[in-house]
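Indexing begins at 1, ligand by ligand and atom by atom, following the structure's order.
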Amino acid sequence: MQDAITAVINASDVQGKYLDNAALEKLKAYFATGELRVRAATTISANAATIVKEAVAKSLLYSDITRPGGNMYTTRRYAACIRDLDYYLRYATYAMLAGDPSILDERVLNGLKETYNSLGVPIGATVQAIQAMKEVTASLVGPEAGKEMGVYFDYICSGLS
Ligand SMILES: CCC1=C(C)/C(=C/C2=NC(=C\c3[nH]c(/C=C4\NC(=O)[C@H](C)[C@H]4CC)c(C)c3CCC(=O)O)/C(CCC(=O)O)=C2C)NC1=O
């Protein structure tokens with residue numbers, strides 16, 4: 001896993017150089033948003049179950065997916081879906097704190113699309129639910145942190161698509 005700091009340092013190190021102005025500006029921007037990131041992570045972790053529940057209500061409930069024959073039908077599969085959404089929320093929060101999406105590639109997206117396809121988990125509906133989480137999260141943490149979280153929710157969606 002990388003973060004905004006190691007990403008900048010590694011890029012300088014491969015060239016054998018001290019951080020140049022552009023690299024320092026990147027670090028400055030990251031440090032300047034530190035407080036915002038920690039505050040957003042605190043709010044998200046205190047409200048995680050609500051965020052997932054509201055996102056499901058907005059995107060999946062009362063659709064064919066929750067009816068007999070749908071992929072969320074049966075308590076076991078419904079619970080698996082809720083659990084997956086909680087994974088996406090938690091890992092997007094980690095990535096937002098780190099300011100870098102690499103943790104998503106390594107721990108979430110690796111092999112996920114293949115797993116979903118082999119189990120018949122609908123990717124379009126999953127993307128809709130993640131987009132709903134993005135909206136619910138933004139309404140809770142405010143526009144600035146919401147936009148930053150959106151980067152990582154979108155990253156998961158493009159990795160799945
Ligand atoms: C931390 C990284 C990580 C991820 C991301 C992960 C995902 C993941 N989701 C799974 C299943 C599943 N995922 C869903 C999800 C859904 N079905 C729908 O219709 C909805 C659209 C959607 C929720 C938004 C469902 C229903 C299953 C169970 C499918 C089945 O067994 O038939 C499975 C198969 C094994 C299992 O059931 O536990 C994995 C590996 N596991 C991990 O360790």
For [X], counting its heavy atoms only, list the atoms of ligand 1 lying under 4.0 Å from any of them.
{"X": "Asn71", "answer": "16 (C), 17 (N), 18 (C), 19 (O), 25 (C), 26 (C)"}
{"X": "Thr126", "answer": "21 (C), 22 (C)"}
{"X": "Ala80", "answer": "12 (C), 25 (C), 27 (C), 28 (C)"}
{"X": "Arg107", "answer": "1 (C), 2 (C)"}
{"X": "Arg76", "answer": "30 (C), 31 (O), 32 (O)"}
{"X": "Tyr116", "answer": "9 (N), 13 (N)"}
{"X": "Met72", "answer": "18 (C), 19 (O), 20 (C)"}
{"X": "Tyr88", "answer": "5 (C)"}

Between the side chain of [X] and the main-chain N/O of [Y], is any donor-acceptor distance below 3.5 Å?
{"X": "Ser102", "Y": "Gln2", "result": "yes"}
{"X": "Asp86", "Y": "Ile82", "result": "no"}
{"X": "Arg67", "Y": "Tyr62", "result": "yes"}
{"X": "Ser63", "Y": "Ser59", "result": "no"}
{"X": "Asp20", "Y": "Ala23", "result": "yes"}

Please determine whether the number of non-hydrogen atoms from other residues, nucleotides or ligands lying under 6.0 Å from atom [atom1] of [X] exceeds 12.
{"X": "Glu106", "atom1": "CD", "answer": "yes"}
{"X": "Lys26", "atom1": "NZ", "answer": "no"}
{"X": "Asn21", "atom1": "CG", "answer": "no"}

Could you see which bit of Ile82 sits under 4.0 Å from ligand 1, with heavy atoms only: side chain, backbone, both or neither?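 Neither; no heavy atom under 4.0 Å.
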
Going by the salt bridge (charged side-chain N to carboxylate O under 4.0 Å, His left out) test, name the single residue among Arg37, Arg39, Lys134 that passes it with Glu148.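 Exactly one candidate clears the test, Arg37.
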
Side chains of Asp3 and Thr6, donor plus acceptor under 3.5 Å: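 A donor-acceptor contact under 3.5 Å links the two side chains.
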
Top protein contact for [atom], by heavy-atom distance:
{"atom": "atom 4 (C) of ligand 1", "value": "Tyr87 CD1, 3.6 Å"}
{"atom": "atom 38 (O) of ligand 1", "value": "Arg83 NH1, 2.8 Å"}
{"atom": "atom 9 (N) of ligand 1", "value": "Asp84 OD2, 2.7 Å"}
{"atom": "atom 40 (C) of ligand 1", "value": "Thr115 CG2, 3.9 Å"}
{"atom": "atom 34 (C) of ligand 1", "value": "Leu119 CD1, 3.3 Å"}
{"atom": "atom 32 (O) of ligand 1", "value": "Arg77 CD, 3.1 Å"}

Quiz question for you: does at least one protein heavy atom lie closer than 4.0 Å to atom 42 (C) of ligand 1?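 True for atom 42 (C) of ligand 1.
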
Heavy-atom proximity to atom 20 (C) of ligand 1, best of Ser63, Cys81, Ala55: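 The residue whose heavy atom sits nearest atom 20 (C) of ligand 1 is Cys81.
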
Using the rule given for side-chain hydrogen bond (donor to acceptor under 3.5 Å, both in side chains), can you reason through Tyr73 versus Arg77, listing the C-alpha separation, both sets of side-chain angles and the distance that settles it, and then say yes or no? CA-CA 6 Å; Tyr73 186 68; Arg77 285 204 296 264; over 6 Å; no

